Protein chains: 4
Amino acid sequence: MLLRIEFESDIPIYMQIKNQIIEGIALGMLKEGDELPSIRQLASDFGINLHTVKKAYDILKDEGFLNVHRRKGYVVTKNATADDNFIESLKKEIHPILANAYCRGMTQDEILRICKEILEQFKNKV
Amino acid sequence: MLLRIEFESDIPIYMQIKNQIIEGIALGMLKEGDELPSIRQLASDFGINLHTVKKAYDILKDEGFLNVHRRKGYVVTKNATADDNFIESLKKEIHPILANAYCRGMTQDEILRICKEILEQFKNKV
Amino acid sequence: MLLRIEFESDIPIYMQIKNQIIEGIALGMLKEGDELPSIRQLASDFGINLHTVKKAYDILKDEGFLNVHRRKGYVVTKNATADDNFIESLKKEIHPILANAYCRGMTQDEILRICKEILEQFKNKV
Amino acid sequence: MLLRIEFESDIPIYMQIKNQIIEGIALGMLKEGDELPSIRQLASDFGINLHTVKKAYDILKDEGFLNVHRRKGYVVTKNATADDNFIESLKKEIHPILANAYCRGMTQDEILRICKEILEQFKNKV
DNA sequence: GTGGTCTAGACCACG
DNA sequence: GTGGTCTAGACCACT
């Protein structure tokens with residue numbers, strides 16, 4: 001799987017890594033059990049610091065997307081669940097985004113179509 | 001309209017204000033032409049810094065949700081549009097969020113239902 | 001509240017800080033709403049690095065013992081709960097410790113008495 | 001007796017081996033005089049390093065749970081005692097664990113019941 | 001080789 | 001002033 005880091009983005013690097021790995025899982029490019037590049041490897045590949053990579057990996061571990069295998073390093077797992085807390089935070093997170101789109105004149109259908117398009121990419125991939 | 005600020009959220013206060021005003025417009029609680037509380041007023045109501053409120057208002061002005069009226073202060077307007085740039089950024093913003101939900105085992109329908117629920121609140125309100 | 005760091009201990013410094021703050025809460029020395037010393041303050045007080053302190057604070061935040069207030073910094077909260085996951089990890093954690101004590105000839109009563117002594121210190125303090 | 005190694009645990013493998021052997025003694029599955037599998041044997045059974053197994057065995061020997069017999073290899077013994085040093089370290093070890101449980105709202109009785117449940121498994125087994 | 005911990009020091013965002 | 005992010009580089013534990 002290929003990561004792409006935008007250094008000029010206002011999204012922190014560790015967050016870009018985190019997001020892209022989750023997207024990689026959603027798109028089926030990363031399967032349960034897959035080993036990720038080592039912290040140092042990824043850091044040197046992108047010319048970033050190993051702590052930055054570690055932060056991304058650790059968050060993913062906390063959230064249940066990764067495990068640390070004592071020999072293999074970080075490995076894709078699937079412990080993350082959509083519990084009530086998550087659903088709540090999900091709503092809270094997309095609420096302002098959808099409100100913004102709606103205020104700009106997009107219709108409910110247009111917005112839902114975009115969501116659906118994105119979700120279709122994930123279908124049967126996880 | 002009533003604002004609610006969470007000082008212990010990881011979302012900056014100016015962003016909370018910005019989001020809630022947009023949500024207020026989406027929900028029909030703020031109509032075109034409505035005057036917002038003055039920067040001083042809002043800042044003192046919540047015990048926050050003037051700069052914080054001004055930053056929120058200025059962003060909303062830049063995005064076309066507010067206008068500055070010489071006497072009335074900040075006034076709700078509706079110049080914000082969903083141009084290609086916005087659509088692009090919208091997709092980029094929700095992509096990782098939807099991926100996360102999908103990876104946690106939510107189905108396409110479940111996710112879309114949540115989006116729809118939110119959007120229904122806005123219906124016929126703008 | 002006073003922290004004591006043992007630099008020669010094989011327990012990582014961030015873990016010592018984490019443990020002592022939890023103990024401080026258990027002993028009633030830290031109450032909900034109390035503000036902790038700032039990361040930089042604590043780091044300089046003990047001559048340790050601010051990242052070390054931050055790591056301790058961040059773990060406590062993740063576990064629900066602290067919140068970050070945008071003006072006050074890290075603040076004691078009480079969101080940590082003893083859910084099934086915690087109970088499970090608790091059992092897994094003390095199992096080998098109790099087994100060790102038992103193998104060394106301590107009786108059930110002796111071991112339980114020590115546990116009780118410790119717990120009595122916490123009574124009516126949280 | 002059967003060992004179970006979790007490669008994705010944050011507990012080092014040598015520590016898992018050490019703990020499980022002590023637990024085996026506490027549970028009566030390992031009696032004084034029993035011979036443990038050879039280092040080579042155990043290492044190859046689990047696909048782990050010889051050093052890892054040896055480290056676990058050596059610690060157990062240092063603590064008085066094992067003896068090295070010239071022909072039989074590592075043999076269970078019962079020289080480990082609960083001296084003051086041990087009691088002290090025991091208290092220090094469980095103190096933060098019990099504090100954590102208490103802070104999460106568990107009562108003294110609930111916590112003691114869990115300890116007792118564990119200890120009951122060991123009863124009349126050593 | 002892997003990750004885990006810690007340091008020293010920088011710049012930025014926020015309020 | 002607060003915390004958040006990132007860097008560069010060190011040493012250690014584990015396997």
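Please read all numbers here as calculations on a predicted model, not as lab measurements. When reading the values below, keep in mind they use all heavy atoms of this one structure, side chains included, and skip hydrogens, waters and symmetry mates.
No contact: A:Y57 has no heavy atom under 4.0 Å from any strand.
Taking the side-chain hydrogen bond (donor to acceptor under 3.5 Å, both in side chains) definition, one finds that B:E63 meets it with A:R104, sequence neighbours left out. C:E35 is linked by a side-chain hydrogen bond (donor to acceptor under 3.5 Å, both in side chains) to nothing, counting only residues two or more places apart in sequence or in another chain. Evaluation of the salt bridge (Lys or Arg N to Asp or Glu O under 4.0 Å) rule for A:E6 yields A:R4, B:K92 as partners, not counting sequence neighbours. Partners of D:K54 by side-chain hydrogen bond (donor to acceptor under 3.5 Å, both in side chains), not counting sequence neighbours, listed by chain and number: D:D58.
The two residues C:I13 and C:I48 make their nearest non-hydrogen contact at CG2-CD1, 4.0 Å. Across all non-hydrogen atoms, the minimal contact from D:G47 to A:R71 is O-NH1, 2.9 Å. Between C:C103 and D:F65, the shortest heavy-atom contact is CB-CE2, 3.5 Å.
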Watson-Crick or G-U pairs under 3.5 Å in DNA chain E, rendered as dot-bracket with [ ] for crossing pairs and | for another strand: ||||||||||||||.
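In this structure, CG of B:D10 is placed 15 Å from C1' of F:dT5, rounded to the nearest angstrom. Distance B:E6 CD to E:dC14 C1': 17 Å, rounded to the nearest Å. We find that CG of C:L66 is positioned 11 Å from P of F:dG3, with the value rounded to whole Å. Across the protein-nucleic acid pair, A:Y74 atom OH and E:dG3 atom P stand 7 Å apart, rounded to whole Å. Taking atom CZ of B:F46 as the reference point, atom P of E:dG15 lies 14 Å away to the nearest angstrom. Rounded to an integer number of Å, the gap from C:I59 CD1 to E:dT5 P is 8 Å.
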Apply the test side chain to side chain donor-acceptor pair (under 3.5 Å) to residues A:D45 and A:Q41: give CA-CA distance (whole Å), side-chain angles for both, the deciding distance (0.1 Å), then the verdict. CA-CA 6 Å; A:D45 283 358; A:Q41 184 63 47; 3.0 Å; yes
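When the shell of 6.0 Å around NE2 of B:H69 is examined, it contains more than 12 heavy atoms from other residues, nucleotides or ligands.
Contact annotation: C:K54 side-chain N/O to F:dG4 OP1/OP2 distance is under 4.0 Å.
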Can you give one letter per nucleotide of nucleotides 10-15 of chain F, 5' to 3': B if a protein heavy atom sits under 4.0 Å from the base, S if only from the sugar-phosphate, - if neither? -B--SS
